[in-house]
Amino acid sequence: MTVSPSSAKAADKLLTVDEALERILAGVRPLPAREVALLEALGRTLAAEVVADRDIPPFRNSAMDGYAVRGEDVATAPARLRVVGAVAAGGMPERAVGRGEAMRIMTGAPMPDGADTVVRVEDTDNADDVVTVTAATPRGLSVRQAGEDLARGTTILRAGDVLRPAEIGLLASLGVSRPRVVARPRVAVLSTGDEIVEITETPGPGKIRDANRYSVGSAVLAAACEPWLRPLVRDTPDALRSALRDAMSADAIVTSGGVSVGDHDWVKPIVSELGTLDVWAIAIRPGRPLAFAQLRGGDRVVPLFGLPGNPVSALLTFELFVRPALLAMSGRRKLHRPRARAKLLDELDKPGFLRFFARAIYDAVAGTVRLTGPQGSGILRSMSLANCLIDAPPGPSTIAAGESVDVILTDLPEDH
Ligand code: AMP
Ligand code: MG
């Protein structure tokens with residue numbers, strides 16, 4: 001089959017961002033489930049629901065160091081009670097607590113029968129034989145009921161829940177040492193371009209260092225997926241063809257560069273040859289040329305994202321299209337970042353007919369957003385300074401300062 005960049009151009013068709021995303025998400029599915037060691041499950045998505053098979057805590061116990069008593073004996077203070085023993089965490093009470101009695105008890109120790117209240121040691125004289133309670137204590141205070149954290153039989157976590165340290169703790173309490181999680185997508189990351197050299201090299205005339213394999217690779221990592229950085233790809237059909245074939249064992253492939261209609265842009269024709277090209281171009285700036293395809297090799301079908309080469313465009317299209325797809329492949333339910341409305345502090349110039357994403361700094365307290373400076377798609381610094389993207393719809397080519405705009409919160413506030 002004869003292919004050329006110009007034949008690819010003929011089929012160019014602009015899709016909206018939402019149409020493209022819908023088609024991309026329809027073209028990916030969650031990876032199979034597997035069991036992993038509990039710590040490795042951090043940031044992964046649970047593949048099956050988890051039901052508590054026991055009460056947590058399993059027995060009534062004290063929330064404080066103090067004295068286990070009967071509530072009616074300490075309703076008023078001072079009260080003097082006979083100390084009938086002691087129980088520590090990990091031990092068992094040797095007897096019950098009767099009227100007028102108290103048992104020394106430590107945090108986490110099982111409550112003795114008969115006792116329903118714990119008086120904090122600070123509210124007593126801390127005596128061993130006869131203790132004086134100096135503060136009236138309501139019945140039930142400082143006692144943790146069995147099952148008050150997790151009640152036996154209740155569904156604690158659902159398929160699609162992301163495991164954070166708190167969920168890992170819940171699983172640990174239930175003895176789930178190897179939870180079933182959705183496999184972590186392994187993502188081949190390729191940079192194309194005759195001008196691109198390794199970051200360890202000093203670029204010769206006309207050459208630049210490869211930013212994209214590292215920015216995109218780390219964006220893959222930040223999406224809790226596994227980046228697989230592949231060798232640099234030259235701008236020839238053969239080099240690209242064999243690089244893509246070599247990447248077919250990945251769960252997804254992300255390329256950057258070569259996706260436009262220049263004389264040396266081979267991604268679209270070669271991808272059409274190796275599979276089905278689903279998306280040609282999107283009505284967006286930055287990042288208009290973008291390819292999404294299903295590559296076929298043997299019995300494998302691997303989604304491919306062909307990102308534009310400009311470093312800002314590559315990261316931005318990753319954020320808008322690849323990240324949600326990787327999260328969907330990871331089994332997540334929530335695929336999108338939080339958004340906010342904010343008052344624009346600068347005038348924003350944009351191409352009228354395209355949806356424009358501007359790098360900006362959002363101030364949650366003031367409810368304002370300002371641009372990070374020049375917005376050219378080669379100016380990666382504009383992205384480095386930003387903590388959000390302004391999502392400006394197609395329409396007027398200028399948005400005036402003072403107007404309210406939609407903001408995508410791409411970073412945690414503490415990162416800036
Ligand atoms: P392309 O999409 O291949 O036409 O590239 C568009 C622009 O992005 C050109 O100026 C390239 O030099 C630049 N570019 C492409 N790939 C990379 C990369 N991996 N790192 C840095 N810049 C790149
Ligand atoms: Mg190129």
Side-chain angles (χ1 to χ4, degrees), residues 3-9 11-12 14 20 187-222 227-244 246-247 250 252-272 277 279-293 304-322 351 354 357 359 374-385:
V3 288
S4 75
S6 53
S7 66
K9 185 178 184 181
D12 255 358
L14 284 188
V187 183
V189 183
L190 290 75
S191 284
T192 73
D194 284 343
E195 75 280 33
I196 309 299
V197 302
E198 297 286 352
I199 58 172
T200 47
E201 280 178 40
T202 304
K207 310 286 185 192
I208 55 170
R209 288 200 184 94
D210 175 27
N212 294 348
R213 257 185 317 170
Y214 295 90
S215 60
V216 170
S218 55
V220 168
L221 257 185
W228 182 32
L229 269 52
R230 308 295 301 144
L232 290 174
V233 185
R234 295 297 152 223
D235 282 325
T236 69
D238 284 348
L240 186 60
R241 192 182 289 113
S242 72
L244 292 179
D246 289 348
I253 300 173
V254 183
T255 65
S256 69
V259 78
S260 212
V261 289
D263 290 344
H264 305 283
D265 290 340
W266 290 103
V267 169
K268 287 179 186 173
I270 296 303
V271 160
S272 316
L277 188 63
V279 171
W280 290 90
I282 299 170
I284 179 182
R285 181 156 310 156
R288 190 153 85 105
L290 183 134
F292 175 64
L304 173 138
F305 304 86
L307 309 183
N310 273 313
V312 170
S313 309
L315 265 188
L316 188 109
T317 49
F318 182 95
E319 170 68 33
L320 295 178
F321 301 108
V322 187
L354 296 176
F357 293 87
R359 281 72 73 198
Q375 296 287 311
S377 53
I379 302 176
L380 190 52
R381 182 120 173 93
S382 68
M383 207 143 196
S384 162
L385 293 171

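Both ligands and their constituent atoms are indexed starting at 1 by order of listing.
- Heavy atoms of I208 found under 4.0 angstrom from ligand 1 belong exclusively to the side chain.
- Within 6.0 Å of CZ in R209 there are more than 12 heavy atoms belonging to other residues, nucleotides or ligands.
- Here the CD1 atom belonging to I270 is positioned 11.5 Å from the OG1 atom belonging to T192, to the nearest 0.5 angstrom.
- A salt bridge is defined here as a Lys NZ or Arg NE, NH1 or NH2 lying under 4.0 Å from an Asp or Glu carboxylate O, and R213 with E198 meets this definition.
- The nearest protein atom to atom 20 (N) of ligand 1, hydrogens excluded, is given as A211 N, 3.0 Å; this is a heavy-atom distance.
- Residue-ligand proximity, P311 to ligand 1, at heavy-atom distances under 4.0 Å covers atoms 21 (C), 22 (N).
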Next on the checklist: The test is side chain to side chain contact (heavy atoms under 4.5 Å, CB included); show your working for F292 and L304 and say whether it passes.
Outcome noted: CA-CA 6 Å; F292 175 64; L304 173 138; over 6 Å; no
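- Ranking the protein heavy atoms by distance from atom 10 (O) of ligand 1 puts N310 OD1, 4.2 Å first.
- Residue contacts with ligand 1 include R209, since one of its heavy atoms falls under 4.0 Å from the ligand.
- Of the polar atoms of D210, at least one N or O is found under 3.5 Å from an N or O of ligand 1, judged by distance alone.
- Ranking the protein heavy atoms by distance from atom 4 (O) of ligand 1 puts D265 OD1, 4.2 Å first.
- Side-chain contact check for K207 versus I196: every heavy-atom pair is 4.5 Å or farther apart.
- Looking from atom 18 (C) of ligand 1 to the surrounding protein, the closest heavy atom is N212 ND2, 3.3 Å.
- The residue from G258, G309, P289 that puts a heavy atom closest to atom 3 (O) of ligand 1 is G258.
- For atom 11 (C) of ligand 1, the closest non-hydrogen atom of the protein is E195 OE2, 3.0 Å.
- The local environment of CZ in R285 is sparse, with at most 12 non-hydrogen atoms from other residues, nucleotides or ligands closer than 6.0 Å.
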Next on the checklist: Under the criterion side chain to side chain contact (heavy atoms under 4.5 Å, CB included), I'd like the reasoning laid out for Y214 against I199: C-alpha separation, chi angles, the key distance, then a yes or no.
Outcome noted: CA-CA 9 Å; Y214 295 90; I199 58 172; 3.6 Å; yes
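- Between the CZ atom of F305 and the OG1 atom of T317 there is a distance of 10.5 Å, given to the nearest 0.5 Å.
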Checklist entry - Between D235 and E195, does a side chain to side chain contact (heavy atoms under 4.5 Å, CB included) hold up when you go through it step by step? => result CA-CA 9 Å; D235 282 325; E195 75 280 33; 4.3 Å; yes
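- At a heavy-atom distance under 4.0 Å, only side-chain atoms of S191, from C-beta outward, approach ligand 1.
- Contact analysis leaves V259 out of contact with ligand 1, as no non-hydrogen atom separation drops below 4.0 angstrom.
- Considering backbone and side-chain atoms alike, S260 places every N or O at 3.5 Å or more from each N or O of ligand 1.
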